[in-house]
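One structure is given below, encoded as structure tokens.
Residue indices begin at 1 and follow the sequence shown.
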Amino acid sequence: MRTATLGPKQRAESLAAMAERELDLLVVGGGVVGAGTALDAATRGLNTGIVEARDWASGTSSRSSKLIHGGLRYLEMLDFALVREALKERGLLLERLAPHLVKPVPFLYPLQHQGWERLYAGSGVALYDAMSMARSHGRGLPAHRHLTRHHALRVAPALRKDALVGAIQYYDAQMDDARYVATLVRTAVSYGAKAANRARVTGFLREGERVVGARVQDVEGGGEYEIRAQQVVNATGVWTDDTQAMVGERGQFHVRASKGIHLVVPKDRIHSTTGLILRTEKSVLFVIPWGRHWIIGTTDTDWDLDKAHPAASSADIDYLLNHVNSVLAVPLSRDDVQGVYAGLRPLLAGESDATSKLSREHTVAHPVPGLVVVAGGKYTTYRVMAKDAVDEAVHGLDMRVAECVTEDIPLLGAEGYRAMWNARARIAARTGLHVVRVEHLLNRYGSLADEILDLVAADPGLGEPLSAAEDYLRAEVVYAASHEGARHLDDVLTRRTRISIETFDRGTRSAREAAELMAPVLGWDKDQIEREVEHYEKRVEAERESQLQPDDQTADAARLGAPDIVPL
């Protein structure tokens, strides 16, 4: 079974190796597009490196709606090519590339008008299913079905009776976005890529007008490296314009940030066996099943403040609660909200009206020799974006390079996953863990769950759940630091697990226990443990304060009250 480790030792070795020998391709940005680009390049046989200024997926790629979907609403805009492409990718992820991480999820669309709406919406969903099946990548999902009001209320008793006259149920897919990115990076490393998070690009190396690499600061250790590469790919999402500014080139487009916020509430607050999709005056609102929780989102508002820590204001939270409460028999209140998170979509904005339509698509440009920029797009189509970026970079390489093969490269944990799933009762009996725990591990790590189970076998205490976050085993915290590149407490509680949004205390009661589990792996002393816990508590306090503020400006000011990085 193929595997890879992103521990402290491997990180240091990767930085040194990248600085020692010229790379074929250096990827800047550790979100889903950057990670996908690194995997694409590595599997074509290129000597590849990837650096990320903060943690893997710490920006947009950990703060999405957690959906892998074709974009049903784009059919209404007649953007058939975008939907077709996304549906193909959805099928690949579900069936071949990451069946352990990407799962089917049902949605109910309540109808509010007799006759015409069922015909209109039903035709759209039927076309959605047909386009999926036409590419032979939709057979893993059930077909849509029409429901009467009585049947819809049986499926979703939480709905108000006067909120619908009937409904249509259809299927899409979901994943844990941050976990997916970490797995992508590990998969790239397993094929030879070098990867380092907490490694910030401070400038580009130039020879004449050509970009020949980047200056990279080790944010943890304080050293600086010159990493030379024949081609550099800028995959920094909402930071694209900032990164481009380092070479003094704006290009033909710029990236603007659109803020989307999500609420997390306990499963028992909404009595339903299916997710919901509701129309709003601007877009759509999703109520998405998420383990023992629901995710409610999202908003879509311009954001021109701090990109690293977008803040959700009180007005944002009220907006979502008001819209979802318009269809719920028992309305939600602020007290029901366990977690809140805000993310920024990188939307393309052209320099003229003729290119403004790029906002829903992605684009790749080569603004100066040696530098490729990839921006825009959506999470579901990251693999296509990565392919296009590497295809563009290949033009500047002095070698023959193979075609993209990522359509046939399963992510780590996919191989053997279905066999282990079928044997989960036997695994539970062998390890002494409850079968529900084994299922939890398989759905987060796939066949790599064996590596977690090995930790538990070596130290049975790691088979116990965290005392204040019982969905997660203590072994998962250790594994996050030893194998998944987690460098700080925040990385574990916010991205490797979802404790920060899945508990009413936002992870503060788990902070010390988790820090003490990470300490031996990362070489922390007692003082560093204290700093990690204090930093995390201040971050949560600042987020809570920001969510009480009336608007973006005051929310942003409150969120910035907590320091960005833990001093070492």
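Checked for salt-bridge contact, Arg559 and Glu541 miss the test: no charged N lies under 4.0 Å from a carboxylate O.
Among residues two or more places apart in sequence or in another chain, the side-chain contact (heavy atoms from CB on, under 4.5 Å) test is passed with Leu97 by Leu92, Leu93, Arg383. Residues satisfying the side chain to side chain donor-acceptor pair (under 3.5 Å) criterion with Asp490, sequence neighbours excluded, are Thr494, Arg495, Arg539. For Tyr341, the side chain to side chain donor-acceptor pair (under 3.5 Å) partners two or more places apart in sequence, or in a different chain, are Lys66.
Smallest separation of non-hydrogen atoms from Val219 and Ala199: CG2-N, 4.4 Å. Looking at every heavy atom in both residues, Asn197 comes nearest to Asp55 through ND2-OD1, 3.3 Å. Considering all non-hydrogen atoms of both residues, Thr43 and Val405 come closest at O-CG2, 3.5 Å.
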>> salt bridge (charged side-chain N to carboxylate O under 4.0 Å, His left out), that's the test. Do Lys387 and Asp391 meet it? Break it down for me.
In response: CA-CA 6 Å; Lys387 172 186 178 299; Asp391 283 347; 2.9 Å; yes
>> Between Glu532 and Met518, does the side chain to side chain contact (heavy atoms under 4.5 Å, CB included) criterion hold? Intermediate values first, please.
In response: CA-CA 10 Å; Glu532 293 284 338; Met518 296 171 69; 6.0 Å; no
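Between Tyr445 and Tyr479, the distance separating the two ring centers is shorter than 6.0 angstrom.
Among Val33, Thr236, Thr60, Asp241, the one residue that satisfies the side-chain contact (heavy atoms from CB on, under 4.5 Å) test with Pro346 is Thr60.
Counting non-hydrogen atoms of other residues, nucleotides and ligands closer than 6.0 Å to CD of Glu22 gives a total above 12.
A cation-pi geometry, defined here as NZ or CZ lying under 6.0 Å from the six-membered ring centre and within 45° of its normal, holds between Arg2 and Tyr191.
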